Engineer: 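So that we are looking at the same thing, I have put the structure below in structure tokens.
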Amino acid sequence: MLTLKYITENTDDVIARLGKKNFDGTEIINQVVELDRNRKITQTQLDNQSAEMNNLSKEIGLLFKQGKQTEAAEAKEKTTRLKDEIKLLDDRLSEIEQSLNLLLVQIPNLPHESVPPGKHAEDNLIERSGGVMPELPENAVPHWDLAKKYDLIDFELGVKISGAGFPVYKGKGARLQRALINFFLDNAREAGYLEIQPPYVVNAASGYGTGQLPDKEGQMYHCTIDDLYLIPTAEVPVTNIYRDVILDEKDLPVKNTAYSACFRREAGSYGKDVRGLNRLHQFDKVEIVQIQHPEKSYDTLNEMVSYVQTLVEKLELPWRILRLCGGDMSFTSALTFDFEVFSAAQQRWLEVSSVSNFESYQANRLKCRFKGSDKKTQLCHTLNGSAMALPRIVAALLENNQTPDGILIPKALIPYTGFEIID
RNA sequence: GGAGAGGUGCUCGAGUGGUUGAAGAGGUACGCCUGGAAAGCGUAUAUACGGUGUGGAAUCGUAUCGAGAGUUCGAAUCUCUUCCUCUCCGCCA
């Protein structure tokens, strides 16, 4: 969430910039400013009363020591009134802080100045693109047919065991998954990321830390008996490593990567758009996370985008990078680049990665700070990106590389799969 | 799952109702000392919010000793709830 300080000091600017996200913040921001004013007044009053109380208590202690019982008893009586007032003020302060917090989590992050205006995905800017569009054989088919033909992925079996959206990978299909995971992890490690293997379930505090809770609760699977949530992405456990942490400036940037299965309830629609691997309840993803000094976070964002680009290039997929418009960006992001690869048989661009700079929005909620040589603590900037999500990559690989003889594996991946063709 | 012990600052560790935000030690930083280093000596070393205030600073107040609630004039210290850790037993990959 945005910091109170920033909102109160830049009120008009905040409202204006929220407009780019198609968010009318006039009312809510003014409420916040008003509440904050109240908060300060109440806090000051409370502090003063508490100080008086503390002084009185000390006096009483002294009086008792000196054996002045009557004076002590008199002083005691004075505290009754103070006590009531303190209780009242304390309650009021908690109420104000609660309301404030409730409002703050409803305000999205401010978009970076380079974010293009727009409301929908069509308004996103194509930043750059690359790769070669494949020429498919006449009888080319979408990946769900290929998966069946070569017995790589069994969607019906998944339905039997779990439900729709939980595919079963088999044989070379399963090996391809494993190969891609290792390929992505190895690349990330070589790019300087520390590999992490996080828990797949998290507690509520972690859910709040990265903003899945309270508003997006329905998107996560919830184990109610133990009040734990299945992670929708490794971002959640990995980022929460740094919850309530004060880093040393010289430890920045922190670069972490993690593979995890990702679980999404995603009450989505059915049909062509979500067929096959396009949308799943469980899928595999390698995530990259960086925590960076505020002054360097946009350089880091570029670095991460370039890194992801090397992945799609090595996989020899036609790709393009979109700079998301204000309306298509996530709630928490300041600037987001989406990667899409072209899935030739479906004739569609599929989103395979999303790389974002959250600036201090997420860090503020996490209380992830750093301390520099000037001994001041300030909020870090956090960034993350998928590098990458497997299902759509697999869809594109299958579709684009189909030949009459079978499906060819890109060169960079062969050391990982141990086979060159699926036939 | 049963029985017991415990959770204090960056770390270890003292502290069982009254200037204790917290002794002591270690670590770290800076300074002195040294030709350089070690040792030694000195100083500093939590966070948040609020007040006054500044070029930067500074300074005062409040809260925080796992978390939450309570008793009390006063709680790290007493009570309750809850979370977590450790030991023993049981169960189990």
Side-chain angles (χ1 to χ4, degrees), chain A residues 1-9 32-105 197 199-209 213 222-229 237 240-252 254 291 360 362-380:
Chain A
M1 52 193 172
L2 300 174
T3 60
L4 260 180
K5 196 170 149 68
Y6 192 84
I7 293 177
T8 52
E9 287 175 4
V32 166
V33 171
E34 182 57 31
L35 270 174
D36 187 51
R37 197 175 297 140
N38 257 320
R39 185 189 120 258
K40 285 185 183 174
I41 293 168
T42 312
Q43 168 105 50
T44 306
Q45 290 174 340
L46 175 62
D47 284 359
N48 290 340
Q49 301 289 54
S50 301
E52 203 179 317
M53 185 65 147
N54 287 344
N55 286 332
L56 262 179
S57 294
K58 276 177 198 165
E59 273 176 42
I60 292 171
L62 276 177
L63 289 173
F64 270 122
K65 268 191 185 159
Q66 294 163 0
K68 297 178 180 168
Q69 303 290 343
T70 36
E71 283 96 328
E74 275 170 33
K76 263 196 196 183
E77 280 180 29
K78 278 199 275 182
T79 61
T80 324
R81 178 187 57 86
L82 265 178
K83 249 187 154 178
D84 290 345
E85 279 176 29
I86 287 174
K87 178 95 175 83
L88 203 76
L89 286 167
D90 198 31
D91 288 348
R92 191 187 301 165
L93 187 64
S94 318
E95 260 176 53
I96 293 174
E97 282 175 346
Q98 255 184 10
S99 329
L100 255 179
N101 206 48
L102 213 66
L103 292 178
L104 283 175
V105 298
Q197 197 174 95
Y200 288 4
V201 291
V202 294
N203 56 28
S206 295
Y208 279 101
L213 296 175
H222 187 194
C223 311
T224 48
I225 289 185
D226 298 303
D227 197 23
L228 293 170
Y229 296 85
N240 269 285
I241 293 173
Y242 305 96
R243 170 157 47 94
D244 295 317
V245 167
I246 299 177
L247 295 158
D248 196 319
E249 186 175 6
K250 62 177 184 281
D251 294 333
L252 300 177
V254 170
I291 298 173
S360 63
Q362 200 174 47
N364 186 34
R365 203 163 177 169
L366 284 168
K367 295 208 196 67
C368 174
R369 292 159 292 180
F370 72 94
K371 191 182 285 202
S373 46
D374 57 357
K375 301 247 179 178
K376 274 191 180 171
T377 56
Q378 56 175 314
L379 291 169
C380 302

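Letters A, B, ... are given to chains in the order of the sequence lines, protein chains preceding strands, and every chain is numbered from 1. All of these numbers come straight from a predicted model, not from anything done at the bench.
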Engineer: Taking ring-ring contact (aromatic ring centres under 6.0 Å, His included) as the test, write out the residues that go with A/Y242, two or more places apart.
Structural biologist: none
Engineer: Quickly work out the A/K58 NZ to B/C73 C1' distance and round it to whole Å.
Structural biologist: 13 Å
Engineer: For the P atoms, the ones on B/U77 and on B/G68, what distance do you get once it is rounded to whole angstrom?
Structural biologist: 13 Å
Engineer: If you assign each of A/L56 and A/R369 to its closest nucleotide in RNA chain B, which residue comes earlier from the 5' end?
Structural biologist: A/R369
Engineer: Shortest non-hydrogen contact from A/P199 to A/P237?
Structural biologist: O-CG, 3.6 Å
Engineer: Atom CD1 of A/I60 to atom C1' of B/U19: distance rounded to whole Å?
Structural biologist: 15 Å
Engineer: Could you identify which residues of residues 36-50 of chain A place a heavy atom less than 4.0 Å from some atom of RNA chain B, listed by residue number, or say none?
Structural biologist: A/R39, A/K40, A/Q43, A/T44, A/D47, A/S50
Engineer: Using the side chain to side chain donor-acceptor pair (under 3.5 Å) rule, collect all pairs that involve residues 92-101 of chain A, keeping only residues at least two apart or in two chains.
Structural biologist: none
Engineer: Students often get this wrong, so: under 4.0 angstrom with heavy atoms, is A/A51 touching a base, only sugar-phosphate, or nothing?
Structural biologist: sugar-phosphate
Engineer: For a quick check under 3.5 Å, do A/N203 and A/S206 share a side-chain donor-acceptor pair by atom type?
Structural biologist: yes
Engineer: Please identify which of these residues, A/N364, A/I246, A/L247, meets the side-chain contact (heavy atoms from CB on, under 4.5 Å) condition with A/R369.
Structural biologist: A/I246
Engineer: Start with the C-alpha distance between A/V201 and A/D226, add both sets of side-chain angles, then the distance that settles side-chain contact (heavy atoms from CB on, under 4.5 Å), and finish with yes or no.
Structural biologist: CA-CA 10 Å; A/V201 291; A/D226 298 303; over 6 Å; no
Engineer: Of all residues at least two apart in sequence or in a different chain, which pass the side chain to side chain donor-acceptor pair (under 3.5 Å) check with A/K376?
Structural biologist: none
Engineer: Roughly how far apart, to the nearest Å, are B/A44 and B/G50 at atom P?
Structural biologist: 28 Å
Engineer: Report the residues that fulfil side chain to side chain contact (heavy atoms under 4.5 Å, CB included) with A/K87, sequence neighbours left out, ordered by chain and then residue number.
Structural biologist: A/D91
Engineer: Take atom P in B/G21 and the same atom in B/G61, then report the distance between them in whole Å.
Structural biologist: 11 Å
Engineer: Can you sort out which residues in residues 86-94 of chain A have a heavy atom within less than 4.0 Å of RNA chain B? Ascending by number, please.
Structural biologist: none
Engineer: Taking the C1' atom in each of B/G9 and B/A22, what is the distance between them to the nearest angstrom?
Structural biologist: 8 Å
Engineer: If you compare every side-chain N and O of A/K371 against the phosphate oxygens of B/A46 (OP1, OP2), does one of them come in below 4.0 Å?
Structural biologist: no
Engineer: Rounded to whole angstrom units, what separation is found between the CD atom of A/Q378 and the C1' atom of B/U47?
Structural biologist: 15 Å
Engineer: For A/K83, which residues count as a side chain to side chain contact (heavy atoms under 4.5 Å, CB included) partner, sequence neighbours excluded?
Structural biologist: A/M53
Engineer: When you measure from the side-chain N and O atoms of A/T377 to the phosphate of B/A46, is any distance below 4.0 Å, counting only OP1 and OP2?
Structural biologist: no
Engineer: Which value, rounded to the nearest 0.5 Å, describes the distance between A/E59 atom CD and A/T79 atom OG1?
Structural biologist: 11.5 Å
Engineer: Taking the P atom of each, how far is B/C78 from B/C65, in whole Å?
Structural biologist: 14 Å
Engineer: Within the pair A/N54 and B/A63, is there a side-chain N or O less than 4.0 Å away from OP1 or OP2?
Structural biologist: yes
Engineer: Using salt bridge (charged side-chain N to carboxylate O under 4.0 Å, His left out) as the criterion, list what pairs up with A/R243, not counting sequence neighbours.
Structural biologist: none
Engineer: Among A/L88, A/D47, A/D90, A/L93, which one satisfies side-chain contact (heavy atoms from CB on, under 4.5 Å) with A/T42?
Structural biologist: A/L93
Engineer: Within the distance-only criterion (no hydrogens, no angle test), does the side chain of A/T3 pair as donor or acceptor with the backbone N or O of A/Y6 below 3.5 angstrom?
Structural biologist: yes
Engineer: Nearest nucleotide by nearest heavy atom, which residue falls closer to the 5' end of RNA chain B, A/K76 or A/N55?
Structural biologist: A/N55
Engineer: In sequence, state the C-alpha distance, the side-chain angles, and the governing distance for A/R39 and A/L4, and then conclude on side-chain contact (heavy atoms from CB on, under 4.5 Å).
Structural biologist: CA-CA 11 Å; A/R39 185 189 120 258; A/L4 260 180; 3.8 Å; yes
Engineer: Grab the N/O contacts between the protein and nucleotides 9-12 of chain B below 3.5 Å, and write none if there aren't any.
Structural biologist:
none

Engineer: Could you measure between the two P atoms, the one in B/A76 and the one in B/U8, and give it in whole Å?
Structural biologist: 15 Å
Engineer: Without decimals, in angstroms, what is the distance between A/L366 CG and B/U47 P?
Structural biologist: 18 Å
Engineer: How far does OG of A/S57 sit from NZ of A/K76, to the nearest 0.5 angstrom?
Structural biologist: 10.5 Å
Engineer: Distance between the P atoms of B/U59 and B/A67, in whole angstroms?
Structural biologist: 28 Å
Engineer: Quick one: do A/L213 and A/Y229 satisfy side-chain contact (heavy atoms from CB on, under 4.5 Å)? Show the steps, please.
Structural biologist: CA-CA 10 Å; A/L213 296 175; A/Y229 296 85; 3.8 Å; yes
Engineer: Using 0.5 Å steps for rounding, measure from the CG atom of A/L103 to the CG atom of A/D36.
Structural biologist: 11.5 Å
Engineer: Kindly write out the residues that satisfy side chain to side chain contact (heavy atoms under 4.5 Å, CB included) with A/Q49, not counting sequence neighbours, or none if the list is empty.
Structural biologist: A/E52, A/L82, A/E85, A/I86, A/L89
Engineer: Using both pair distances under 3.5 Å as the test, note the stems of at least 3 consecutive Watson-Crick or G-U pairs that include RNA chain B.
Structural biologist: B:1-7 with B:83-89, B:10-12 with B:24-26, B:27-32 with B:40-45, B:46-52 with B:58-64, B:66-70 with B:78-82
Engineer: Rounded to whole Å, please give me the gap between CG in A/D244 and P in B/A48.
Structural biologist: 12 Å
Engineer: Hey, what are the protein-to-nucleotides 55-59 of chain B N/O distances that come in under 3.5 Å?
Structural biologist:
{"unit_1": "B/A57", "atom_1": "OP1", "unit_2": "A/K376", "atom_2": "NZ", "d": "3.3"}

Engineer: For the C1' atoms, the ones on B/U11 and on B/G2, what distance do you get once it is rounded to whole angstrom?
Structural biologist: 35 Å
Engineer: Tell me what A/T79 touches on the nucleic acid: a base, only sugar-phosphate, or nothing, going by heavy atoms under 4.0 Å.
Structural biologist: sugar-phosphate
Engineer: Roughly, in whole Å, what's the span from CD1 in A/I96 to C1' in B/C49?
Structural biologist: 13 Å
Engineer: Atom CD of A/E97 and atom P of B/C49: how far apart are they, to the nearest Å?
Structural biologist: 11 Å
Engineer: Using atom CD of A/E52 as one end and atom P of B/U62 as the other, report the distance to the nearest whole Å.
Structural biologist: 11 Å
